[in-house]
Structures are given as structure tokens and as C-alpha cells.
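Written below as C-alpha cells is the structure these notes are about.
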Amino acid sequence: MSDTSWHLAAAALDILAVDPAALGGAVLRMRASPERDRVLTAFTPVLPLRKLPISISDEQLMGGVDLGATLAAGKIVRSAGFFATPCTAVIPMAERCAPALAAKLCQLSDKGLTQGILALDEGIEADEALPDSLSDRLAFRIAPEGRMPRDWPKRPAIDAGQPIAADEAITQLTLLAARFGIASLRAPLLAWQAAQAHAKLQGRAQVHSGDIELAAALVYPHRATQVPDADAPADQQPEPEEQTQQDEGTSDTQTALPDTEMLIEAVAALLPPGLLQTLGQTRSARAAKGSGAGKLRKSNRRGRPLPSRPGRLGGDARIDLIATLRAAAPWQPLRRKHQPDRTGLLLRPSDIRTTRYAQHSDRLLIFSVDASGSAAMARLGEAKGAIELLLAEAYASRDHVALISFRGTQAETLLPPTRSLVQTKRRLSALPGGGGTPLAAGLQSAMTLAAQSAGQGMTPTIIVLTDGRANIALDGSAHRATAAEDARTVARAIRAQGTESLVIDMSNRPQPALQDLGRTLDGGYIALPRADAHRMTDAVTAALAG
Amino acid sequence: MKQPFPFSAIVGQDDMKTAMILTAVDPGIGGVLVFGDRGTGKSTAVRALAALLPPIEVVRGCPINAATSAECPDWSELETNQTEERPTPVIDLPLGVTEDRVVGALDIERALTRGEKAFEPGLLARANRGYLYIDEVNLLEDHIVDLLLDVAQSGENVVEREGLSIRHAARFVLVGSGNPEEGELRPQLLDRFGLSVEVRSPQDVAERIEVIRRRDAYERKPEAFVKRYAKEDAKVRAAIVDARGRIGAVAAGNAILGDCAELCLALGSDGLRGELTLLRAARALAAYEGAKRVTRKHLRRIAPLALSHRLRRDPLDEAGSSTRVNRTVETVLA
């Protein structure tokens, strides 16, 4: 298996070198290592390789005025964009590529201006990866496993097979993509390009079935969202049945292509392990990163201006005119001597000062408190005490606090985001208990509130206090299984939204279901089997700090 | 640069194509939001539309594409009265774009080299009378969204910064696309889009094969492929021009107005923008189809496009809001 993946990697690089523009490029997911260096040396496209740093500025990427040269020359000097000189771009540290850069690269690639992009992805976790928008446009994902075989780069032995008419090949590749649940229509197109490039590489004018097989094996596995005819649980994968029905509907094409099943096997053998388990998770985790906005940017204040500092004029730097003039002023007579014929200010790039701001984002703690009968029995009182202590701390650090309680059949926002300690305390002590546990509703209210406050520039953190026995579904019906499922769905939505969260288990015995919830939320989980308010506060403070 | 993929060669995606044509017929509808999976031809359609649209008459060298020299802003320092034909501008607004590039800023180059205070127009100026296309609009940063909200509403870009005080017309059709799995749009921005379309990969295998086949033909010989569809494209273009001339004469009776209001009431859409867009878009559709008056058939076709993004959002509603709209349409217009 591991040898196969290495040989396929070699084939992918060869094919990419033939037609990098049509194939878009590849993601090379490997840690930096001598092995990766060998892989890179094996990649020999027609055009020279050029590094595209992920910190590249707009002017460098798209072309624009070269300010430094302009100032020095006293006339406008324009710099050409990155892709003006034909080259195959290599993006190091591609897993750190911001969605903004990916968007611009997609734009360039859609306009046919790029000549292949090789993204060096050093991500470790599944959600550390190149933004999906860009990786969808790159044909291959090269992620060899295990040790590099001694004889690398040896090409996989390809049985060329029978020549295939273009129409038939396209049909086959499209069918195959549909069977693997690949929604994007770029995939079959890229696979078709790859098959053609491989045929060209082998010196054949026509595409053979072996080319198709290799192309499918290279382009499809990492895009697959389902395994054809796999015995996946029905609730996870509702689509396969639909898909097969459709395939049967077009059975005339199927009979014309007897080896589709064989192809499926070939691709299925290369599917990443654990595909089905990770499907839902990786997707939502990526989504959380996709928002691209960290705490720093989400500020509701413009921030205090910091002293300006010497800098280059890049895409996002703003010039501090006064400071720049002040820096340039003392030099004017001296510079005038050297360039007597120039009028106006004589500026050098070293005079440029840019402004900076320090931004602080306000934190909002959203407490979603389970006030159901079971929780009230257990330790609603303790929870209240703990929240009060947390409030005191929040007051000290000028955090905002919001309070949601859920009991009976619905959740209720007792207190919208506020800094008023007195009000919060009053509402909290009046918090009644009793009724069912509509956990999903509590989470949903917290989610809505978090989204609103994030829009207003706060950084929300959801803290759920519950004993975990969710028994009321979102629609208010008392059905335990539906209630648990609803809670999971909302938790996934919260995670996709990128909100930090913390689950505090206040039942007498730690609940596995709540641990799961914590994992689904991608947040912390604290079990407090026998804690007093002070210990709980300490735990929460530690979790929030970390 | 390659010629864009021809509009009429796009397979299926009728909703998206209709919505885009309608905004071309009546730019006042206020833009299209295209939400859907990757690789379903969202950006292809937008770029194709640009090539399809009839050219506009502009003053030569005018930064905001004004039609007459009187409308040209004084800061553009234009001397000429000559006009020229230009293709309808379709401006890309990439993610991560800076505020300066969007609204325009002090022309630093001129300020530093010649010591002059001049305004360098931004993307909004260039998009005037055309289209502003935002891919992955749901990932756009909040402060850029804020800028767009105001300009899209008022049709005027006001720049008050770095000692500049400038205003210029910025009337454009906003086209946004994105993948809803990656994030939601703020309701205020959603509301600015007149129509919204959900696109999915075609579920029919034959259709998918046709897509790949055409794309392949296009990649191989772009010129020949574009030529093959030039006639079709010209037909659509002529129909759009026709419809623009006819739209003023299309009647919408009281019964239709009542239907619009009832639909929006039944769906509980916020504000009156729903009714207005519904009516405008239905009228544009009627004009495009050559009808003399708006009928319920037009409303049925338009309602999901014009209303599905104006409903109260339910993040857990798997069915999608266009299903809800269709259900309501069936009951109200029964």
C-alpha cells in the first residue's frame, strides 16, 4: 500500500509536469523532510518553479505600482504581477494560506493566468489544510504514506489497455465521480485532463483505459464523500441509494462500459482510511477555520493608535502621512543638492511610516444553564454560586455576560449581553427550576446569541452547564433519541460557526454523552462530580485561559 | 486572456441563468446571491454573463463609466466629451481586499511623487453601471460588508478620509456566490440581494457528462467553441435588449399586487422589500418572455428566487427555504 502511494505520487508529478495549466496543480501534503526534497527534485515542469510566499502582497501578486522604485526614480515604476513571468508557483506552508489569498489565486486560475500551483501542505491535523476553494481547483493531492521505497521514483506499472473514444472516457469518469459522491464537476474534468496528459506522456495519441484508471486513482480518492456500495449506516449516508438508482436508470451507458466496477475497486482501494468517520467532522472543522477572522480582527473598537513605525507600503498597511513627512523633512536640503532639478518633496522608501492600532475585543461569556427538574435536584444551587463567582471575575476583567436558561420545553434568554453585575445576580437568583431538559434549545439560543454578538465585534464563549439528560427535542416533543440527535446537530452548527465553548457536567457521575457533546463542540469538557463553587470557578478560569 | 465560457453553453442551472438575465433586464432588482456546492459553475456563469451583455456607452477615460461628461466627477479631470463603447464592467471583489481598494483612497503615488492631492478610484467606481462580483461572499470581512451595505443601498460612494472628501455614483448589480457550509451571511447583506439561487451539482448523470464534454471542447479550442455558441448568445443578448425596451409597458394588475402581498404575508418575510422585488422581478421576467402583463405563472417562477432568502432563518431546517416558499406558493396561489 505505502509503496503504491509513492509510485502514484511519482506518476502524479510526471502528469502534472506535462500540462500544469490545465490540471491546476497539486497539493503535496508532507512534512518538510529529505524525502520531500527528493519529491520536489523529481518534479520537473517545463516552466521554472517559483516560490509564492503566503505573505505575498496584492501588488506583488496582481501587479501594481512599485512604491519604493517609484520614489527612488521620481517617476512611476510599475511592477508586474507574480504570474506575468510564466512559472509554476510553489506555495510553501500552504496549510497557513489565508482564505483571502486562496480566493485571489482562484480568481487568477479561473482566468487562466496561472501555470500550475504546487501547494506544499505541512498540516498535521485534518483541519490544517489549504482552503477548499483552492484545493478543489488543483487536480492532485499527493500524500504518500510510509517510507519512501528505495527505487523511487519508479512509475507504477500501467497496463495501457484498450484505446477508448473521448466520449466514452468522459462518460466513464463522470459516472465514477457520481458514484463516489463527488459533487464538484471540476473533478471529472480534471481527471479527464490528467488522463489525456498521461496518454501524451506515454507517447500515445489516444487515451487508453489504463490512463483513465490512473487518472481516477489520482484525482478521486481525496474528494470522495462516499464509498460506492459500502455497508455504511443508512442514517449517515442517505445519498448512495439515490445514486445507484440513477445509475440503474442509465443502464445503457453502464453496459457499454463493463469495467466501471473494476475502476471503482481501484479507486476505493486508495480511499483515505477512516473516510466515513471523519466526513462530517472534518467538514465542520474546516468551516470553523474558513471564517478567517480571529479574535484580533473582531474588535468593536478601532483601538488605540500605537506609535507608527517604518514600514513598506503593502496591501493592508496605512500610511501615517504626518510621521512620514516628519521623517523626510530633515533630509530635504541634503537630497535637494543631489537632485536639484526635482520639485516637491524628496522622499525615500525609508521615510515611509505606517500606522498601527492595538485592538481589543470584548469577551462575552454566554452561560446556558440547565434548570430542569433533574438538574435542580442535583445542584442548581451550586451552579448558581459558581456563576456568581465567575461574574465577579468577569466584572473585574470587564467582560460581558449573558444568561440563558433552559427548562420545560424551551430556552429563554434571561439576560442579554450586559456588564451589569447587579442585574445578572438578580436574574440568577430568581432562576426557577423544574421540567424537562431541552438541551438542544438551550444550545440553539446560545448559538444565535453568539452569532449576534460576534457580528457586533465581541468574542463569545458559550458555557453550558447541564446534567446531560436531554429529553426534549427542538420541536418540544418529549423524545429522548430525537433530543440527543438535535443537541448534536446544534453542537455541530456551533462548531461550524467557530464559537469557543465549554461543557460543564454537573451530574453526580460524569456523563459520556456530555463528553461526546464537548468533542462535537470542539470545546472543553469539565466534569464536576463533587465540586464546590470555588473549584468550579477555578476550573472554568483555567479552561478559558488555556 | 482566454475568452470566457459562453453563457448559453452552460448546461442546466436554469434558476441561476434566469436570475442573472433578469438583473440584466432590470438592474434595479438588486443583485443575485448564488449559494451552492463547489464546481457547479457559479463563477463561470458570472464571467459568461459579462461577455454576453450589450456594451455600454461611456465617456472615454471616465473612471466611473459615466454616460455623459456632465455625470463625470470633477476629480477625474477629464477634458473630453467623446464617448466610446465598453463592455459592461464586471468587477471582481476578492476576499481580503482592503478598504482602500474598495472605496478608493488618496492617490499616494501622485501625492508622493508630485505632491498633489488626488483621488484614486477604487473597485466601487469601476463597477458603476455594471456588476460587482464577490466570490465566497459569506467569508467577506465585516468591515468590507459594512461598506458595501451602505453603497449598495444608496448607489453613491462617499469617501471621507485622508483629507479627501469625495462622492461619486456607484450603482451596480451585486452578484455574490458562496458555499453555505462555510458560513452564513448577515441578514442585512442578504436583504440587499434581490434574488437568491441555490445551485446544486446536476443529479442527472447524462447532464453531468454533457457539462464535462462541453468544458473539454472549450478547453481544447476556445475560439471555435465560443463561435459555435455565438448565435445562441446573440439571441439571449437581443432578448435582453428587447426586454429592456418593453419592461415599462408590462402591466401588473391589482390582482397580481394582491398575490404578491399575500405571499409575503404568508411567508412572514421582513419588510416590504420582498413584495417590491417580487413584483419587479416578475415584471422583468414577463418582459423577457414577451408577455404583455404579469401573470401568476411568472409569480410562481419568481417567488422562490425572490423570497427564499428573506425568511426567518432556521439554521437546522434541512429542507431548505425554497421548499418552504414553494409550499406556500402552492397554497396561496391555489
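Chain letters run A, B, ... following the sequence lines, proteins first, then strands; residues in each count from 1.
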### Task
Please test B:R215 against A:L185 for side chain to side chain contact (heavy atoms under 4.5 Å, CB included), starting from the C-alpha separation and ending with a verdict.
CA-CA 10 Å; B:R215 189 79 207 187; A:L185 285 171; over 6 Å; no
### Task
Report the distance from atom CH2 of A:W192 to atom CG of B:D216, rounding to the nearest 0.5 Å.
6.0 Å
### Query
Just how far is it from atom NZ of A:K104 to atom CG of B:D135, taken to the nearest 0.5 Å?
13.0 Å
### Summary
Given A:D136, A:L101, A:L189, A:L173, the one with more heavy-atom pairs under 4.5 angstrom with chain B than any other is A:L189
### Query
Can you name the side-chain hydrogen bond (donor to acceptor under 3.5 Å, both in side chains) partners of A:E485, sequence neighbours left out?
A:R488
### Message
B:D233: which residues meet the side-chain hydrogen bond (donor to acceptor under 3.5 Å, both in side chains) condition with it, sequence neighbours left out?
### Response
B:S8
### Task
Return the minimal non-hydrogen interatomic distance between A:T174 and B:R208, and the atom names on each side.
CG2-CB, 3.4 Å
### Message
Donor-acceptor pair, distance only, cut-off 3.5 Å: does the side chain of B:S201 make one with the backbone of A:A183?
### Response
yes
### Query
Based on non-hydrogen pairs under 4.5 Å, which of B:V211, B:T44, B:L140, B:D92 is most in contact with chain A?
B:D92
### Query
Where does B:R214 contact chain A at under 4.5 Å (heavy atoms): side chain, backbone, both or neither?
neither
### Task
Count the heavy atoms of every other residue, nucleotide or ligand shown that sit under 6.0 Å from CZ of A:R223, and state whether that count exceeds 12.
yes
### Query
Stepwise, does the side chain to side chain contact (heavy atoms under 4.5 Å, CB included) test hold for B:R220 with A:Q196?
CA-CA 11 Å; B:R220 275 162 188 258; A:Q196 283 174 297; 2.3 Å; yes
### Query
For A:L190, is it the side chain, the backbone, both, or neither that has a heavy atom closer than 4.5 Å to a heavy atom of chain B?
neither
